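Hydrogens, waters and symmetry mates are skipped; everything else that's a heavy atom, side chains included, is used. Worth saying up front: this structure is predicted, and the values here are computed from it rather than measured. Counting starts at 1 for both ligands and their atoms, in listed order.
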Amino acid sequence: MSGNNEMIRVEKLNKSFGDLHVLKDIDLTVKESDVVVLVGASGSGKSTLLRCLNFLEIKNDGKIIIDGEQIETKTHDLNKIREKVGMVFQHFNLFPHKTVIENVIEAPTQVKGIKKSQAIKEGKELLDKVGLGDKYDVYPSTLSGGQKQRVAIARALAMKPDVMLFDEPTSALDPELVGEVLATMKELADEGMTMVVVTHEMGFAREVGDWVFYMHDGKIVEYGHPNELFDNPKEERTKAFLSSIL
Ligand code: ADP
Ligand code: MG
(Lines give C-alpha, C1' and ligand atoms only; values in the text may rest on other atoms or scores of the structure.)
(Ligands and ions follow the chains in the order given, each with its own letter.)
Protein backbone atom coordinates (compact mmCIF):
# COMPACT_ATOMS: atom_id res chain seq x y z
CA MET A 1 0.00 0.00 0.00
CA SER A 2 1.44 3.34 -0.90
CA GLY A 3 0.21 6.92 -1.17
CA ASN A 4 1.83 9.68 -3.14
CA ASN A 5 2.55 11.97 -0.27
CA GLU A 6 6.13 11.81 1.01
CA MET A 7 5.94 11.33 4.75
CA ILE A 8 9.70 11.17 5.28
CA ARG A 9 12.45 12.33 3.00
CA VAL A 10 16.07 12.06 4.00
CA GLU A 11 18.81 13.56 1.85
CA LYS A 12 22.55 13.06 2.33
CA LEU A 13 22.14 12.42 6.03
CA ASN A 14 25.39 12.18 7.96
CA LYS A 15 25.89 11.40 11.59
CA SER A 16 29.09 10.88 13.57
CA PHE A 17 29.79 10.05 17.18
CA GLY A 18 33.12 11.76 17.75
CA ASP A 19 35.46 10.31 15.16
CA LEU A 20 33.11 7.48 14.31
CA HIS A 21 31.24 8.25 11.09
CA VAL A 22 28.08 6.17 11.52
CA LEU A 23 25.68 7.39 8.81
CA LYS A 24 27.14 8.25 5.42
CA ASP A 25 25.09 10.17 2.88
CA ILE A 26 21.85 8.34 3.59
CA ASP A 27 19.02 8.99 1.13
CA LEU A 28 15.63 7.54 1.99
CA THR A 29 12.06 8.32 1.05
CA VAL A 30 9.03 6.92 2.81
CA LYS A 31 5.66 7.61 1.26
CA GLU A 32 2.45 7.78 3.20
CA SER A 33 1.24 4.26 4.16
CA ASP A 34 4.50 2.67 3.08
CA VAL A 35 6.15 0.04 5.22
CA VAL A 36 9.91 0.36 4.84
CA VAL A 37 12.03 -2.40 6.35
CA LEU A 38 15.66 -1.72 7.23
CA VAL A 39 17.99 -4.69 7.38
CA GLY A 40 21.71 -4.97 7.95
CA ALA A 41 24.31 -6.40 10.27
CA SER A 42 24.69 -5.22 13.83
CA GLY A 43 26.58 -1.94 13.94
CA SER A 44 25.61 -0.88 10.41
CA GLY A 45 23.74 2.19 11.70
CA LYS A 46 20.09 1.11 11.61
CA SER A 47 19.22 2.30 15.12
CA THR A 48 21.09 5.55 14.65
CA LEU A 49 19.13 6.22 11.46
CA LEU A 50 15.79 5.61 13.22
CA ARG A 51 16.89 7.75 16.15
CA CYS A 52 17.79 10.58 13.78
CA LEU A 53 14.32 10.33 12.24
CA ASN A 54 12.66 11.21 15.52
CA PHE A 55 15.48 13.42 16.74
CA LEU A 56 16.67 11.32 19.64
CA GLU A 57 19.99 11.81 17.85
CA ILE A 58 20.77 15.01 16.02
CA LYS A 59 22.27 14.71 12.56
CA ASN A 60 25.51 16.44 11.66
CA ASP A 61 24.61 17.12 8.09
CA GLY A 62 21.92 16.58 5.48
CA LYS A 63 18.18 17.09 5.34
CA ILE A 64 15.32 15.46 7.18
CA ILE A 65 11.95 16.42 5.77
CA ILE A 66 8.89 15.20 7.65
CA ASP A 67 5.53 15.59 5.95
CA GLY A 68 6.92 18.28 3.67
CA GLU A 69 8.69 20.27 6.36
CA GLN A 70 12.45 20.39 6.67
CA ILE A 71 13.18 19.95 10.35
CA GLU A 72 16.05 21.77 12.00
CA THR A 73 16.81 21.93 15.71
CA LYS A 74 17.11 25.68 15.51
CA THR A 75 13.68 26.29 14.04
CA HIS A 76 11.55 23.44 15.32
CA ASP A 77 10.27 22.20 18.64
CA LEU A 78 11.57 18.64 18.53
CA ASN A 79 9.00 17.49 21.06
CA LYS A 80 6.30 18.43 18.56
CA ILE A 81 8.06 16.41 15.88
CA ARG A 82 8.36 13.42 18.20
CA GLU A 83 4.58 13.52 18.61
CA LYS A 84 4.29 12.95 14.86
CA VAL A 85 6.92 10.23 14.76
CA GLY A 86 6.28 7.47 17.28
CA MET A 87 8.91 4.91 18.22
CA VAL A 88 8.88 1.39 19.62
CA PHE A 89 12.10 -0.04 21.02
CA GLN A 90 13.53 -3.51 21.44
CA HIS A 91 13.30 -3.14 25.22
CA PHE A 92 9.80 -1.89 25.80
CA ASN A 93 10.77 0.93 28.20
CA LEU A 94 7.43 0.84 30.03
CA PHE A 95 7.11 2.67 33.34
CA PRO A 96 7.23 -0.22 35.84
CA HIS A 97 5.44 1.66 38.63
CA LYS A 98 2.50 2.57 36.41
CA THR A 99 -0.34 0.31 35.30
CA VAL A 100 -0.85 -0.51 31.65
CA ILE A 101 -3.49 2.17 31.10
CA GLU A 102 -1.41 4.71 33.07
CA ASN A 103 1.51 3.96 30.75
CA VAL A 104 -0.69 4.55 27.72
CA ILE A 105 -2.21 7.85 28.92
CA GLU A 106 1.02 9.35 30.29
CA ALA A 107 2.20 11.18 27.17
CA PRO A 108 -1.22 12.28 25.86
CA THR A 109 -2.10 13.83 29.24
CA GLN A 110 1.33 15.19 30.20
CA VAL A 111 2.68 16.25 26.83
CA LYS A 112 -0.44 17.00 24.81
CA GLY A 113 -2.68 18.11 27.66
CA ILE A 114 -5.51 15.75 26.74
CA LYS A 115 -8.16 15.42 29.45
CA LYS A 116 -7.59 12.31 31.55
CA SER A 117 -11.08 10.90 30.95
CA GLN A 118 -10.65 11.28 27.20
CA ALA A 119 -7.14 9.79 27.27
CA ILE A 120 -8.42 6.79 29.24
CA LYS A 121 -11.25 6.23 26.78
CA GLU A 122 -8.89 6.36 23.80
CA GLY A 123 -6.22 4.37 25.61
CA LYS A 124 -8.65 1.55 26.35
CA GLU A 125 -9.67 1.45 22.70
CA LEU A 126 -6.02 1.12 21.71
CA LEU A 127 -5.44 -1.63 24.26
CA ASP A 128 -8.52 -3.44 22.96
CA LYS A 129 -7.11 -3.13 19.47
CA VAL A 130 -3.76 -4.71 20.41
CA GLY A 131 -5.58 -7.52 22.21
CA LEU A 132 -5.04 -6.35 25.78
CA GLY A 133 -8.61 -5.43 26.68
CA ASP A 134 -8.33 -7.42 29.92
CA LYS A 135 -5.05 -5.84 31.07
CA TYR A 136 -5.84 -2.14 31.63
CA ASP A 137 -5.11 -2.15 35.35
CA VAL A 138 -2.24 -4.59 35.76
CA TYR A 139 1.42 -3.66 36.15
CA PRO A 140 3.89 -4.39 33.34
CA SER A 141 5.80 -6.90 35.48
CA THR A 142 2.83 -9.26 35.29
CA LEU A 143 2.86 -9.30 31.48
CA SER A 144 4.72 -11.48 29.00
CA GLY A 145 7.28 -9.82 26.72
CA GLY A 146 4.85 -9.95 23.81
CA GLN A 147 2.15 -8.28 25.87
CA LYS A 148 4.60 -5.62 27.08
CA GLN A 149 5.57 -4.85 23.52
CA ARG A 150 1.92 -4.54 22.51
CA VAL A 151 1.44 -2.06 25.39
CA ALA A 152 4.44 -0.14 24.06
CA ILE A 153 2.80 -0.05 20.61
CA ALA A 154 -0.50 1.17 22.10
CA ARG A 155 1.40 3.79 24.07
CA ALA A 156 3.10 5.11 20.94
CA LEU A 157 -0.20 5.11 19.05
CA ALA A 158 -1.85 7.11 21.84
CA MET A 159 0.01 10.18 20.56
CA LYS A 160 -1.67 9.71 17.16
CA PRO A 161 1.59 9.73 15.24
CA ASP A 162 1.78 10.04 11.46
CA VAL A 163 4.68 7.60 11.32
CA MET A 164 5.76 4.70 13.52
CA LEU A 165 9.37 3.62 13.86
CA PHE A 166 10.12 0.14 15.17
CA ASP A 167 13.65 -0.77 16.28
CA GLU A 168 13.91 -4.57 16.42
CA PRO A 169 10.60 -4.82 18.26
CA THR A 170 10.70 -8.61 18.52
CA SER A 171 14.42 -9.22 19.10
CA ALA A 172 14.10 -9.41 22.89
CA LEU A 173 11.14 -11.80 22.80
CA ASP A 174 10.97 -15.53 23.29
CA PRO A 175 10.31 -17.09 19.88
CA GLU A 176 6.74 -18.11 20.72
CA LEU A 177 5.85 -14.46 21.44
CA VAL A 178 7.21 -12.95 18.24
CA GLY A 179 4.13 -13.76 16.15
CA GLU A 180 1.63 -11.82 18.25
CA VAL A 181 3.71 -8.63 18.00
CA LEU A 182 4.26 -9.02 14.25
CA ALA A 183 0.52 -9.61 13.82
CA THR A 184 -0.21 -6.35 15.63
CA MET A 185 2.28 -4.55 13.40
CA LYS A 186 0.77 -6.09 10.28
CA GLU A 187 -2.67 -4.91 11.35
CA LEU A 188 -1.33 -1.38 11.71
CA ALA A 189 0.25 -1.59 8.29
CA ASP A 190 -3.02 -2.86 6.81
CA GLU A 191 -4.78 0.17 8.28
CA GLY A 192 -2.39 2.40 6.35
CA MET A 193 0.08 3.44 9.04
CA THR A 194 3.38 4.67 7.63
CA MET A 195 6.09 2.53 9.20
CA VAL A 196 9.87 2.16 9.23
CA VAL A 197 10.83 -1.17 10.75
CA VAL A 198 14.26 -2.50 11.67
CA THR A 199 13.90 -6.25 11.93
CA HIS A 200 15.54 -9.57 11.24
CA GLU A 201 12.13 -11.13 10.57
CA MET A 202 12.44 -11.69 6.84
CA GLY A 203 9.00 -13.30 6.64
CA PHE A 204 7.49 -10.08 7.94
CA ALA A 205 9.64 -8.04 5.55
CA ARG A 206 8.41 -10.08 2.60
CA GLU A 207 4.78 -10.14 3.58
CA VAL A 208 4.28 -6.63 4.95
CA GLY A 209 7.15 -4.56 3.58
CA ASP A 210 6.68 -2.35 0.54
CA TRP A 211 10.41 -1.67 0.39
CA VAL A 212 13.48 -3.21 1.94
CA PHE A 213 16.66 -1.20 2.44
CA TYR A 214 19.92 -2.99 3.11
CA MET A 215 22.47 -1.05 5.17
CA HIS A 216 26.14 -1.82 5.55
CA ASP A 217 28.72 0.28 7.33
CA GLY A 218 26.56 3.40 7.51
CA LYS A 219 25.46 3.33 3.87
CA ILE A 220 22.41 2.14 2.01
CA VAL A 221 23.90 -0.47 -0.28
CA GLU A 222 20.73 -1.45 -2.09
CA TYR A 223 16.96 -1.25 -1.85
CA GLY A 224 14.01 -2.75 -3.63
CA HIS A 225 10.68 -4.44 -3.27
CA PRO A 226 11.07 -7.35 -0.85
CA ASN A 227 10.84 -10.16 -3.38
CA GLU A 228 13.20 -8.36 -5.75
CA LEU A 229 15.80 -7.69 -3.08
CA PHE A 230 15.59 -11.09 -1.40
CA ASP A 231 15.43 -13.19 -4.56
CA ASN A 232 17.58 -11.10 -6.85
CA PRO A 233 20.03 -8.97 -4.89
CA LYS A 234 22.31 -7.03 -7.21
CA GLU A 235 25.20 -6.15 -4.92
CA GLU A 236 27.72 -8.67 -3.63
CA ARG A 237 27.38 -7.21 -0.12
CA THR A 238 23.66 -7.79 -0.14
CA LYS A 239 24.08 -11.35 -1.40
CA ALA A 240 26.60 -12.11 1.33
CA PHE A 241 24.36 -10.63 4.02
CA LEU A 242 21.26 -12.47 2.83
CA SER A 243 23.03 -15.80 2.61
CA SER A 244 24.27 -15.28 6.17
CA ILE A 245 20.77 -14.87 7.57
CA LEU A 246 18.36 -16.81 5.34
P1 ADP B 1 22.72 -1.07 14.41
O2 ADP B 1 21.43 -0.59 15.00
O3 ADP B 1 22.67 -1.31 12.95
O4 ADP B 1 23.26 -2.26 15.15
P5 ADP B 1 23.80 1.36 15.56
O6 ADP B 1 23.13 2.49 14.88
O7 ADP B 1 23.31 1.01 16.92
O8 ADP B 1 23.78 0.09 14.60
O9 ADP B 1 25.33 1.65 15.71
C10 ADP B 1 26.15 2.05 14.62
C11 ADP B 1 27.52 2.40 15.14
O12 ADP B 1 27.43 3.57 15.95
C13 ADP B 1 28.14 1.33 16.04
O14 ADP B 1 29.52 1.30 15.78
C15 ADP B 1 27.85 1.84 17.43
O16 ADP B 1 28.81 1.38 18.34
C17 ADP B 1 27.95 3.34 17.24
N18 ADP B 1 27.10 4.09 18.18
C19 ADP B 1 25.76 4.03 18.28
N20 ADP B 1 25.30 4.87 19.21
C21 ADP B 1 26.39 5.51 19.72
C22 ADP B 1 26.59 6.53 20.71
N23 ADP B 1 25.54 7.06 21.36
N24 ADP B 1 27.85 6.91 20.96
C25 ADP B 1 28.89 6.38 20.29
N26 ADP B 1 28.78 5.44 19.34
C27 ADP B 1 27.54 5.01 19.05
MG1 MG C 1 20.20 -1.41 16.43
Side-chain angles (χ1 to χ4, degrees), residues 8-30 35-64 66 71 73 78-79 81-82 85-94 145-146 148-149 152-153 156 161 163-175 177-178 181-182 185 195-206 208-209 211-224 226 229-230 233 235-246:
I8 299 177
R9 184 180 183 89
V10 171
E11 291 177 14
K12 298 263 173 293
L13 179 69
N14 282 274
K15 171 69 184 170
S16 298
F17 295 108
D19 290 339
L20 187 64
H21 193 178
V22 174
L23 298 179
K24 303 168 183 168
D25 287 338
I26 300 283
D27 290 324
L28 173 79
T29 301
V30 184
V35 176
V36 167
V37 177
L38 285 178
V39 301
S42 173
S44 57
K46 307 178 300 294
S47 294
T48 304
L49 175 53
L50 283 195
R51 293 168 64 82
C52 284
L53 292 181
N54 86 337
F55 301 89
L56 290 173
E57 300 288 354
I58 303 303
K59 68 180 165 109
N60 296 107
D61 206 10
K63 288 186 190 171
I64 300 176
I66 309 276
I71 310 300
T73 43
L78 298 184
N79 287 321
I81 306 304
R82 288 191 199 107
V85 184
M87 185 143 170
V88 172
F89 302 88
Q90 180 176 348
H91 300 285
F92 332 109
N93 304 347
L94 298 176
K148 284 180 194 165
Q149 193 58 298
I153 293 171
V163 184
M164 287 277 283
L165 310 176
F166 292 86
D167 193 357
E168 300 200 31
T170 61
S171 295
L173 300 178
D174 292 334
L177 303 177
V178 168
V181 172
L182 294 179
M185 291 166 62
M195 297 168 43
V196 183
V197 183
V198 174
T199 186
H200 302 296
E201 296 292 335
M202 297 301 147
F204 176 86
R206 253 190 215 269
V208 182
W211 299 96
V212 180
F213 282 68
Y214 168 59
M215 280 183 77
H216 175 78
D217 192 22
K219 295 190 193 117
I220 302 224
V221 174
E222 182 170 356
Y223 68 93
L229 188 106
F230 290 135
E235 303 291 332
E236 288 307 319
R237 282 262 175 234
T238 319
K239 288 178 196 168
F241 172 75
L242 291 174
S243 60
S244 76
I245 54 159
L246 294 178

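In terms of protein heavy-atom proximity, atom 16 (O) of ligand 1 is closest to Leu20 CD2, 4.6 Å. Counting protein heavy atoms only, atom 12 (O) of ligand 1 is closest to Val22 CG2, 3.2 Å. Protein heavy atom nearest atom 1 (P) of ligand 1, with residue, atom name and distance: Gly43 N, 3.4 Å. With respect to atom 9 (O) of ligand 1, the closest heavy atom belonging to the protein is Thr48 OG1, 3.9 Å. Counting only heavy atoms of the protein, atom 27 (C) of ligand 1 lies nearest to Phe17 CD1, 3.2 Å. Of all protein heavy atoms, the one lying nearest to atom 7 (O) of ligand 1 is Ser47 CB, 3.7 Å. In this structure, atom 8 (O) of ligand 1 lies nearest to the protein heavy atom Gly45 N, 3.2 Å. Closest to atom 3 (O) of ligand 1 among all protein heavy atoms lies Lys46 NZ, 2.8 Å.
Between Lys12 and the options Asp25, Asp27, Asp61, a salt bridge (charged side-chain N to carboxylate O under 4.0 Å, His left out) holds for only Asp27.
In this structure, His200 contributes its side chain and Met202 its backbone to no donor-acceptor pair below 3.5 Å. With hydrogens and angles ignored, the 3.5 Å screen pairs a side-chain donor or acceptor of Arg82 with a backbone N or O of Asn54.
In summary, the atoms of ligand 1 found under 4.0 Å from a heavy atom of Ala41, numbered by their order in the structure, are 3 (O).
Salt bridge annotation for Asp217-Lys24: present, with a cationic side-chain nitrogen under 4.0 angstrom from a carboxylate oxygen.
Heavy-atom distances between Gly218 and ligand 1 stay at or above 4.0 Å for every pair. Residue contact check for ligand 1: Ser42 places a non-hydrogen atom closer than 4.0 Å to it.
Within a 4.0 Å radius of atom 21 (C) of ligand 1, the protein has at least one heavy atom.
Leu53 contributes atom CG, which lies 6.0 Å from atom CD1 of Ile66 (distance to the nearest 0.5 angstrom). Taking CD of Glu57 as the reference point, atom CZ of Phe17 lies at 4.0 Å (rounded to 0.5 Å). Remark: Lys46 NZ to His216 NE2 distance equals 11.5 Å, nearest 0.5 Å. Rounding to the nearest 0.5 Å gives a distance of 13.0 Å between CE of Met87 and CD1 of Ile153.
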Exercise for the section: Apply the test side-chain contact (heavy atoms from CB on, under 4.5 Å) to residues Arg51 and Phe89: give CA-CA distance (whole Å), side-chain angles for both, the deciding distance (0.1 Å), then the verdict. Expected result: CA-CA 10 Å; Arg51 293 168 64 82; Phe89 302 88; 4.2 Å; yes
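With a 4.0 Å heavy-atom cut-off, ligand 1 is reached by no atom of Leu49.
Distances from the Mg ion (ligand 2) show that Gln90 has no N/O/S atom below 2.8 Å.
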